[in-house]
Amino acid sequence: MRNSLRWKIFGNILLAVFIIFIVNRIIAQRLTPAAVKGSVKEHIGRSVAACKDIAENRELFLGCALQNSDEVIYSGLARHYILCLPEESFSTQQSAICRQIREIRSNDSAELVSHEVEISEQTVNDEVWFVAKLKSNPTGLMIVIRQYDIDNYIYSLWNLRAQVVTFTAPFIVVCLLILTWYCSSLIMAPIRKIEQSLKKLSSKNLDQPIDIVPVYKEFGSFIAVFELLRIRLNESFVQARRFAGDASHELKTPLTILRGNAERMIARLPTGSEEQIRMRSVADEVERLIDITEKLLLLSSADANIIQHDMKEVSISDVIGQLVLDSQTFQSKFNITSELQPKILWNCDQNLINQIFYNLYTNAVKYNVEGGWIKMKLVTEGQGFMFSMSNPTANPPGDLAKKAFDRFYRGDSSRARDIDGVGLGLSLAQEIARVHGSELSMEVSAENIVTVRLSYPANVL
Amino acid sequence: MKILLIEDEIKIAEFTILGLTSAGFKVTHVSNGAAGLAAMLEGGYDLVILDVMLPALNGFEVLEKARDLGSKIPVIFLTAKGELPNRLKGFEMGGDDYISKPFFVEELIARLKAVKARKNNDDPDEIVVGEVCLNKVSNRVSWQGNSTLLSQREFSLVEFLMRTPGHIFSRQEILKHVWAISFNPETNVVDVYIQRIRKKLNRNQPEGIEFPIETIRGVGYRFCDESKVSA
């Protein structure tokens, strides 16, 4: 199965979103801890400076520290702040940490946040602590926070984020899908239009310009290319058509002269002589050439949509009735039967129509079986009629029904050699049928019975 | 009979002239419309064969001008096959008949005679060749004191052969003209009809005297000028 452009676009966008998401996450995971640590340090520094006067009450101090910051992140972290007051009297775990940090008193890693606060990182019991204290520190006030708590806090934030992503992912995918559908419809719309217009193109209307106004300027050149292609195609088609027509036309004069001279020689040669018989077969072959030439000329006019016709209302029942009568006198070896509904009228060119019927009849005779039969049937059907001619045949090629209307197709080549003809009759009959708005079709049954149908009006698919 | 042939294709003209002259017509040939019109107006011809596709003036224009200037000479158009509207136009313009290319000279000659006869109002009800008399009104053929009614097809067949006596027609040509079919229907219907006509007419005839439709083995049939007496 071929890929769908929509699914391809959708897949690509999905992949792109996924990659962006992953890259974003990796970068964020790398950069966030450092950034958070930096800003936590800054925050504790600022808090010490701003809230030193109410340090005695931890609740008030934390409230003040939070007021100094408008970022939500610190409200979560602030509960991990440890407030080290100068007069540490009770021996809690927190006081022990404060004492230990005070004892280290290493200022090596200290950095200044402002002119009055300094921040440092201290290691106590293999744990890293961030310490903020006043530079001139008469009270000994400090805020300390364990790096482990910050890491933990960041980790829980990531977890929260991952949860949110899990919930929103399906929604995002659906949105992407809708977006893709919308975008691809937008892109496909002008292409569809072009497609529909091109579908209408056939050998019969190649000379008419492609009727599309490009909605978007991006498609202007695309349509222009198609138009150019159509013009080139039409030119070569016209040339090929004209060639067949011209060639047939040019052949007429020499063939007329050839036939005339052959006829004259037949008249002059000794009656019944070998030479006379030979000349007769020459004249017959020339006649055959003239017949082929005329058919080619008619076919090339059909291709150019210029078959000239003289439409009149004709009783098709009578025309076929005459064919049945003629065929019954022509052939005694076949059983020819008919079932004709009388008084069916058709607006047609009788000369051209006769070519269809006689051609079908000739084929039915040529490709019949020993002691076979031909059946003709004419019935009204809807607003029009349906004519069919059936006959049994021996070993028809499997693709007969498909190829029978091809030009110069002669069926089974080993058998065709014994049968007179060039293989133009049916294709010509089909063109004539088309000129009359009708349709010629062939069907071969499992019992090797060939049925050719002429239906009017044609079933336009 | 003096014929004016207006045709620009030299080869077709030569071939037509040859055929017509050997049939006893006097032919003058011009190869363009303007010269043709001048010759038509000059007079002195019994009939004009006029090609439609001509340089200078086309066939229709030539006829239109000639008719405007009072010429009533009979005209047969030469048209390319399939140009049906052209044919109809030819009749509207006052043409008397048309023949489409490629054509048989014999057919042209038969048409010439028919048009001429119609124009002179001497299109007879009977065609007589040698001892055979064909009556178009009663559909009967008389020969050797024997008068027989023919069916429409039988009559058309005898008439077709009698129009150009001596010329050998192939079965295909006979089918084309008598049955109006231009394909090979793999039939022996022509032979069947010829046999039937012979049978009707040879009845009650003495041994050795046969109706003058002759079979040329491997070639076709012809109508003999004089009744043939076989030894």
Side-chain angles (χ1 to χ4, degrees), chain A residues 249 251-261 263-264 266-269 271-274 276-281 283-284 286-288 290-291 293-294 297-298 301 306-310 322-323 326-327 329-333 349 351-352 354-355 358-359 361-362 365-366 368 419-421 425, chain B residues 7 9-16 18-19 22-23 53 78 80-88 100-108 151 153 164 166-173 175-176 179-190 192-193 196 214-220 222 224:
Chain A
H249 199 78
L251 282 172
K252 269 187 173 179
T253 305
L255 287 174
T256 305
I257 292 161
L258 209 55
R259 184 177 63 180
N261 285 328
E263 293 287 342
R264 190 162 303 124
I266 290 169
R268 286 191 185 167
L269 283 165
T271 303
S273 66
E274 183 69 19
Q276 196 186 36
I277 295 171
R278 288 245 177 98
M279 195 45 73
R280 177 73 263 160
S281 72
D284 286 347
V286 175
E287 187 67 44
R288 213 163 97 96
I290 290 172
D291 182 51
T293 313
E294 275 168 4
L297 195 58
L298 199 55
S301 341
I306 50 165
I307 282 197
Q308 299 198 356
H309 44 66
D310 177 29
Q322 185 58 47
L323 168 70
D326 278 348
S327 59
T329 47
F330 291 163
Q331 300 296 337
S332 50
K333 53 182 180 174
D349 181 319
N351 275 326
L352 292 174
N354 269 336
Q355 291 199 40
Y358 281 110
N359 178 270
Y361 165 71
T362 321
V365 169
K366 281 182 192 166
N368 219 308
I419 298 171
D420 191 37
Chain B
E7 164 67 82
E9 274 181 279
I10 297 301
K11 283 183 176 170
I12 290 277
E14 279 173 359
F15 150 82
T16 312
L18 194 65
S22 60
M53 299 280 283
L78 290 180
K81 190 171 173 163
E83 296 173 336
L84 194 102
N86 279 356
R87 293 180 195 176
L88 299 177
S100 50
K101 293 179 185 175
F103 56 87
F104 286 108
V105 171
E106 288 70 25
E107 197 184 343
L108 179 61
S151 74
R153 280 272 198 245
T164 320
H167 183 78
I168 306 168
F169 290 99
S170 70
R171 286 170 182 79
Q172 192 57 50
E173 285 162 13
L175 268 177
K176 189 172 173 177
W179 274 266
I181 52 173
S182 55
F183 63 98
N184 180 4
E186 315 266 317
T187 174
N188 61 350
V189 70
V190 174
V192 171
Y193 269 76
R196 211 182 281 171
E214 190 186 358
T215 308
I216 315 292
R217 193 181 59 84
V219 184
R222 76 170 162 193
C224 296

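Just so it is clear, the structure is predicted and the values come from calculations on it, not from any experiment. A, B, ... follow the sequence lines: proteins, then strands. Residue 1 opens every chain.
Summarising the geometry of Thr256(A) relative to Phe15(B), their closest heavy-atom pair is O-CZ, 3.5 Å, with the distance given to 0.1 Å. When all heavy atoms of Gly272(A) and Ile216(B) are compared, the pair lying nearest together is N-CG2, 3.7 Å.
A side chain to side chain donor-acceptor pair (under 3.5 Å) with Thr271(A) is found for exactly one of Arg222(B), Arg217(B), Glu214(B), namely Arg222(B). For the side chain to side chain contact (heavy atoms under 4.5 Å, CB included) criterion with Phe330(A), the lone passing option out of Val192(B), Val190(B), Val189(B) is Val189(B).
The structure places CD of Glu263(A) at 8.0 Å from CZ of Phe169(B), a figure rounded to the nearest 0.5 Å. Going from atom CD of Glu9(B) over to atom CD1 of Ile257(A) covers 8.0 Å, rounded to the nearest 0.5 Å.
At a 4.5 Å heavy-atom cutoff, the contact between Asp284(A) and chain B is made by side-chain atoms alone. Heavy atoms of Gln322(A) lying under 4.5 Å from chain B belong exclusively to its side chain. Using a 4.5 Å cut-off between heavy atoms, Ile290(A) touches chain B through its side chain atoms alone.
For chain A, the option among Asn188(B), Val105(B), Leu18(B) with the highest count of heavy-atom pairs below 4.5 Å is Leu18(B). Interface check for chain B: of the options Leu255(A), Asn354(A), Asn359(A), Asp326(A), the most heavy-atom pairs under 4.5 Å are formed by Asp326(A).
Heavy atoms from other residues, nucleotides or ligands lying under 6.0 Å from CZ of Arg278(A) number 12 at most.
A salt bridge links Arg280(A) to Glu173(B): one of the charged nitrogens lies within less than 4.0 Å of a carboxylate oxygen.
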Run the side chain to side chain contact (heavy atoms under 4.5 Å, CB included) check on Gln276(A) and Ile168(B) step by step: do they pass?
CA-CA 10 Å; Gln276(A) 196 186 36; Ile168(B) 306 168; 3.0 Å; yes

